[in-house]
Amino acid sequence: MTRLTVAQAVVRFLARQWSERDGVERRFFGGCSGIFGHGNVAGLGQALATSTEDLPYHLSRNEQAMVHTAAAYARASNRLATLACTTSIGPGATNMITGAAGATINRLPVLLLPGDIFSTRVAGPVLQELEDQRSYDISVNDCFKPVSRYWDRINRPEQLPSALLAAMRVLTDPAETGAVTLALPQDVQAEAHDWPEELFARRVWHVPRPLPERAAVFRAAQLVKSAVRPLIVAGGGTIYSEATEQLRIFAETYGIPVAETQAGKGALPYGHPLAMGAIGATGTTAANALAREADLIIGVGTRYSDFTTASRSIFAPDARFLNLNITAFDAAKLSGLQLVGDAREGLADLVEAFAGWRGTPADYRARAAELTREWDAAVDRAYALEGSPLPQSAVIGAVNAAAAEDGVVVCAAGSMPGDLHKLWRPSGPGNYHVEYGYSCMGYEIAGGLGVKLAAPEREVFVLVGDGSYLMMAQELITAISEGIKLVVVLVDNSGFASIGRLSESVGAQRLGTSYRHRDGGPLPVDLAANAASLGASVLRPESVADLRKALEEARSGTGTTVIYVRTDPMADDAPSSEAWWDVPVAEVGGTTGAAREAYEENKRSQLLHLTPPD
Ligand SMILES: Cc1ncc(C[n+]2csc(CCOP(=O)(O)OP(=O)(O)O)c2C)c(N)n1
Ligand SMILES: [Mg+2]
């Protein structure tokens, strides 16, 4: 037996968890981020301060950011590792809910350890306690339930071992994973208990690669025989499973073009003859043209979000779906033939099972190549734009060039994720990190930290709009204090270019989308000076050529640099995807008549895809 407090036991246990896939073992927790308050300082704070375990502690500046950092770390580790997050009770805890939702939506493992009100309740109501008149059993931590894949509250030390094991099972299960919350009452954290030694044994969690059912693979082989124009939609699961090489073999063997979702971008590198680039509302005209004509969609590791399906308007009414996914829930979407299993193993199975099929006709492949050439020329033009303020597409082009093969771009919200999805030319998986499951403003810098912590050998380029920057710039200080180098490109267009454009299109007249004085005049705000005040080196290029130089300077430097550029909120210089996104238009009132008519017209193109696959 080992006598430790609950918090000390948590720290010791976490430090001794490992994941394994394909014979490679790695520490599952790369560290623990935390902000202390009365709800965790004597528990996890004391435990981390006195621990001799290998679980480095990082101080964040905001609890939400801390969870974004953990989720980005998990994504950059293909879900084989993450960070734990400890907070006080009350606001410190609930600040993590947004991050938890983002992690769960993006299917990324993060372990959240919010402090909780006293289990004994004697002193209550304590500082920051929500008193629910219906039950003393409710605290603000109950808000984590819908955004967690596993949730527990440790009211007695005896409950801890089973909760820790359940947490690890969910975190390391690729079908189940997401945010896991273990709420830790402040008195229980500090309470001592005699723990069995085996709890702290080095434990390896084997991350499975389940094979799709034989009969389903056979059905898939029957289905593909009648396909003439198949299209692969590669999602994030392709990358998490490290299935990209197998995807290339599958695509090449049968001549099937590959389109990519936001999370799947980079599954097939730019320049591959079958790489059609992005699909959907922020897609390339090449991928979208093929999507409209395809008779079989082969979805690999995709959730089929509305951006991917252009709100279910992009696929033909009689298209069939073959969905390879680790999660049955996703495999069943769009009435697809369900191949439930690991992407890499499943693709290998399909290469074999399709052996009797001739593959796609040469004219189809030639058409795909022609469509790609046209799109490529449009991107060349967008990347070559010049001007002052800078064209956003030229900014993306310059960052794309500076990131080269080994860099990674990080972004999440605003007008840039759509432009990046369309324009960015990925060198491979890991080169593109856009959080677009939750598209959470504020993820960018915090997420960049997580990427750099997980992949220190990569240069991390964070693209952040002024709106996102203002929501969460504070993690710049974390980057500087921890010596984590980021290159942050802060794109200031005085407000919300994305929502401004959307607002205008739905008759909302750009209300509240511009950072201007109430009388319409400019504001005396200097975000570059703000970044400098947080300790970053700041560059202010005013031309595309100067931006390129600034990126090189930042890349070759050792510290965190913020490159501040101004862009025009009214400009939209990325080529159109020619695909729709379903956002409603007011049915009455205002001047939305024509917009409403166009909306209703688009609504008619929306399909449920109810045709059985076989
Ligand atoms: C936390 C959060 N709040 C609100 C939104 C809705 N939203 C999406 S983009 C956007 C504006 C982003 O502004 P900025 O970062 O400056 O990017 P820009 O659109 O100007 O490129 C808003 C408010 C969001 N995605 N996340
Ligand atoms: Mg902006």
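This is a predicted model, so every value here is computed, not measured.
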Measuring from S33:OG to N62:CG, what's the distance to the nearest 0.5 Å? 12.0 Å
Counting C-beta onward and ignoring hydrogens, is there a side-chain heavy-atom pair between E542 and S388 closer than 4.5 Å? no
Determine, for D376 against R381, whether the closest basic-nitrogen to carboxylate-oxygen distance falls under 4.0 angstrom. no
Classify the ring geometry of Y436 against F307: parallel below 30°, tilted from 30° to 60°, perpendicular beyond 60°. perpendicular
Can a donor-acceptor pair be found between the side chains of S468 and E444 at a distance below 3.5 Å? yes
Would you name the heavy atoms of A368 and L290 that are closest together and state the gap between them? CB-CD1, 3.8 Å
Can any side-chain N or O of N431 pair as donor or acceptor with the backbone N or O of G407 at less than 3.5 Å? yes
I'd like to know if D572 pairs up with R501 as an ion pair, taking the criterion as any Lys NZ or Arg NE/NH1/NH2 lying under 4.0 Å from an Asp or Glu carboxylate oxygen. yes
Say whether, by atom type as modelled, one donor and one acceptor occur between the side chain of T238 and the main chain of V300 under 3.5 angstrom. yes
Here the gap from I297 atom CD1 to I232 atom CD1, rounded to the nearest 0.5 Å, amounts to 10.5 Å
Is any side-chain heavy atom of F144 closer than 4.5 Å to a side-chain heavy atom of N141? yes
Do L59 and T478 have side-chain heavy atoms sitting under 4.5 Å apart? no
When you compare the side chains of S415 and S498, does any donor N or O come within less than 3.5 Å of an acceptor on the partner? no
Looking only at side chains, do E435 and N106 share a donor and an acceptor under 3.5 Å apart? yes
When rounded to the nearest 0.5 Å, the distance separating CG of L449 from OH of Y73 is 13.0 Å
Mark yes or no for whether K485, through its side chain, and R555, through its backbone, hold a donor-acceptor pair below 3.5 Å. yes
Got more than 12 heavy atoms from elsewhere within 6.0 Å of CG, L511? no
Have Q392 and D573 got a donor and an acceptor in their side chains that come within less than 3.5 Å? no
State, yes or no, whether a side-chain contact exists between R458 and K452 at a heavy-atom distance under 4.5 Å. no
How about W151 and D142: does a side-chain donor come under 3.5 Å of a side-chain acceptor? no
For D582 and Y599, does a side-chain donor sit closer than 3.5 Å to a side-chain acceptor? yes
Would Y304 and N323 count as a side chain to side chain donor-acceptor pair (under 3.5 Å) if you check the C-alpha gap in whole Å, the side-chain angles of each, and the deciding distance to 0.1 Å? CA-CA 10 Å; Y304 286 115; N323 299 328; 2.7 Å; yes
Member of D492, L527, L390 meeting the side chain to side chain contact (heavy atoms under 4.5 Å, CB included) criterion with R566: D492
Heavy-atom donor-acceptor pair, H421 side chain to E260 backbone, under 3.5 Å: yes
Counting neighbours of CD on E600 that are heavy atoms of other residues, nucleotides or ligands and sit closer than 6.0 Å, is the number greater than 12? yes
Near-ring test F321/F315, centroid separation under 6.0 angstrom: yes
Min side-chain heavy-atom separation V565-P541 under 4.5 Å: yes
